[in-house]
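Encoded as structure tokens, the structure appears first; notes follow it.
Counting starts at 1 for both ligands and their atoms, following the listed order.
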Amino acid sequence: MVNKILIFGGGYVGSSLSTLLAQFYEVVLIDKDEKKVKLINSRESPIDEPLIGQYLKHKKLNLLASTSFGDHIESTDLVILALPTNYDEDTNRFDTSILESVVSQLNDHNTKAKIIIKSTLPIGFTNKIKSLYPNLSIIFIPEFLREGSAVEDNINPSRIVIGGTKENTHEIVEVLLKISNNSPQVLYMGSSEAEAVKLFSNTFLAARVSLFNELDSFAFEKKLITKDIIRGVTSDPRIGEGYCNPSFGYGGYCLPKDAKQLLANYEDIPQGMLSAVVNSNNLRKEFIAEKILQKSSKMIGIYRLVMKKSSANFRESAILDIINILQKAGKEIIIYEPLLNTDQDMLKITDDLKYFKAASDIILANRIDEDLADVTDKVFSRDLYGEN
Ligand SMILES: NC(=O)c1ccc[n+]([C@@H]2O[C@H](COP(=O)([O-])OP(=O)(O)OC[C@H]3O[C@@H](n4cnc5c(N)ncnc54)[C@H](O)[C@@H]3O)[C@@H](O)[C@H]2O)c1
């Protein structure tokens with residue numbers, strides 16, 4: 001029976017799982033970031049997810065955060081690893097070193113607890129690490145939450161994919177079902193297949209975004225009405241209406257890195273789609289930058305660095321690469337980003353919206369906001385639906 005759960009990593013995945021699971025189990029969240037640990041212990045959200053803050057404040061939770069696992073490891077029944085697997089541009093693969101080091105520490109403590117990996121992995125990683133540590137019980141269960149709705153997505157998961165058999169994982173599935181409201185289907189498969197599900201799902205989404213972005217580039221160039229074309233295309237139920245709002249490029253923590261990792265996994269296997277998905281995003285950003293460079297604006301304003309409307313992080317925001325291109329072309333840039341109020345490196349950043357609007361000759365906005373209602377004549381955006 002599961003009573004106590006140890007979760008490593010208090011980011012989007014770890015924080016949302018901790019708050020939900022702590023309603024039913026004793027949960028200890030381990031994060032090396034002291035600030036995050038302090039925030040959780042004073043019942044404040046360590047990340048920008050409104051529902052996490054509400055759960056921490058208003059729900060009765062059996063939750064403790066700490067920077068080290070100390071002797072909790074001896075008494076835990078389940079370990080969940082929600083650690084970063086950033087893409088390493090030098091090796092062209094995920095950097096799995098943090099995960100590997102934590103698994104090695106768990107092995108040193110001879111833990112008998114089942115270990116769930118929730119981090120996104122290169123295909124084949126779980127089998128590799130299982131063969132290195134045959135005494136550990138390691139199961140990969142991909143996470144499908146979206147930033148901005150991390151808690152909601154764990155309460156109403158689209159599906160639960162288990163990289164293991166029904167017989168070996170029934171206790172774990174029970175734990176995951178306990179926090180969900182919608183009786184999701186549970187799919188059992190090998191760990192490599194489950195790793196592939198995660199990477200193919202995100203690459204599919206990246207491909208979809210890229211296709212609609214390229215549709216928009218085409219319409220823009222040919223002076224056609226993008227919205228009419230999208231409406232006609234997405235009215236086919238096989239295509240469907242979601243995820244079709246043009247942007248400056250797909251971004252965020254997961255889509256860019258997962259598409260690149262899947263491409264890396266192909267090695268010698270022929271493919272054309274995957275490199276196209278990665279390449280298309282770069283071309284889209286170059287296209288947008290080129291359109292801006294063609295205008296004779298003196299001061300280019302950038303409205304927000306965040307990728308999504310309600311997000312508070314800039315990880316892999318498409319606008320960052322566009323800023324880079326504009327800077328290389330010698331353009332003067334001012335950025336409005338209330339989450340950052342000091343100039344960084346060579347960038348002029350302000351949190352004064354009025355000043356920003358007055359100083360900018362043109363304003364690039366990946367996503368339109370009410371803030372810009374009085375300067376629509378200056379705004380350059382491809383946001384057609386006002387959604388992410
Ligand atoms: N963010 C998403 O939308 C999302 C969705 C699905 C899957 N994932 C995957 O889940 C994993 C985690 O993503 P995230 O967004 O929660 O990451 P994150 O970067 O938001 O958080 C990771 C946390 O781990 C902590 N950490 C780093 N090293 C540590 C260590 N040695 N011990 C303890 N804590 C440590 C960091 O301080 C940080 O708080 C990644 O593999 C990611 O690809 C993320």
Among all protein non-hydrogen atoms, which one is nearest to [atom], and what is the separation to 0.1 Å?
{"atom": "atom 34 (N) of ligand 1", "value": "Lys32 N, 3.4 Å"}
{"atom": "atom 13 (O) of ligand 1", "value": "Tyr253 CE2, 3.5 Å"}
{"atom": "atom 7 (C) of ligand 1", "value": "Thr120 OG1, 3.5 Å"}
{"atom": "atom 25 (C) of ligand 1", "value": "Asp31 OD2, 3.3 Å"}
{"atom": "atom 15 (O) of ligand 1", "value": "Arg315 NH2, 3.1 Å"}
{"atom": "atom 6 (C) of ligand 1", "value": "Glu143 O, 3.2 Å"}
{"atom": "atom 4 (C) of ligand 1", "value": "Cys254 SG, 3.3 Å"}
{"atom": "atom 10 (O) of ligand 1", "value": "Val13 CG2, 3.4 Å"}

Discussion item. I'd like to know if the side chain of Asn182 and the backbone of Pro157 have a donor-acceptor N/O pair within less than 3.5 Å.
Written reply: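 Pair found, side chain donor or acceptor close to backbone of Pro157.
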
Worksheet entry | Main-chain N/O of Leu274 paired with Gln271 side-chain donor or acceptor, under 3.5 Å |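 Checking the backbone N and O of Leu274 against the side chain of Gln271, a donor-acceptor pair under 3.5 Å is found.
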
Please could you name the atoms of ligand 1 that [X] approaches to less than 4.0 Å, counting only its heavy atoms?
{"X": "Lys36", "result": "38 (C), 39 (O)"}
{"X": "Gly11", "result": "16 (O), 18 (P), 20 (O), 21 (O), 23 (C), 39 (O)"}
{"X": "Asp33", "result": "37 (O)"}

Worksheet item: Do Asn135 and Asn107 get their side chains close enough for a donor-acceptor pair, meaning under 3.5 Å?
Response: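 No.
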
Discussion item. Regarding Thr226 and Asp216, do their side chains bring together a donor and an acceptor under 3.5 Å, going by distance alone?
Written reply: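 Side chains of Thr226 and Asp216: pair found under 3.5 Å.
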
Worksheet item: Counting only heavy atoms not in Asp236, do more than 12 sit closer than 6.0 Å to its CG atom?
Response: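 Enclosed.
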
Practice prompt. From atom 43 (O) of ligand 1, work out which of Glu34, Gln261, Lys257 has a heavy atom at the shortest distance.
Written response: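 Among Glu34, Gln261, Lys257, the closest heavy atom to atom 43 (O) of ligand 1 comes from Lys257.
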
Fill in: Nearest option to atom 30 (C) of ligand 1, as decided by whichever heavy atom of Leu83, Asn86, Thr85, Leu99 sits closest
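Answer by nearest heavy atom: Leu83.
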
I'd like to know if [X] and [Y] make a salt bridge, using a cut-off of under 4.0 Å between side-chain N and carboxylate O.
{"X": "Lys260", "Y": "Glu89", "value": "yes"}
{"X": "Glu44", "Y": "Lys38", "value": "no"}
{"X": "Lys378", "Y": "Asp361", "value": "no"}
{"X": "Glu267", "Y": "Arg93", "value": "yes"}

Can you tell me which portion of [X] lies within the under-4.0 Å heavy-atom range of ligand 1? Options are side chain, backbone, both, or neither.
{"X": "Ile98", "value": "side chain"}
{"X": "Leu145", "value": "both"}
{"X": "Ser119", "value": "both"}
{"X": "Ala150", "value": "neither"}
{"X": "Tyr12", "value": "both"}

Practice prompt. Hey, can you tell me if Tyr336 and Phe356 have their rings parallel, tilted or perpendicular (30° and 60° cut-offs)?
Written response: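 Tyr336 and Phe356: tilted rings.
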
Item to complete: Look only at interatomic distance and state if Glu147 has a nitrogen or oxygen under 3.5 Å from any nitrogen or oxygen of ligand 1.
Response: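 N/O-N/O distance below 3.5 Å exists for this pair.
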
Practice prompt. Measure the NZ-CD1 distance between Lys59 and Ile52 for me, rounded to the nearest 0.5 Å.
Written response: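 With rounding to 0.5 Å, NZ (Lys59) is 13.5 Å from CD1 (Ile52).
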
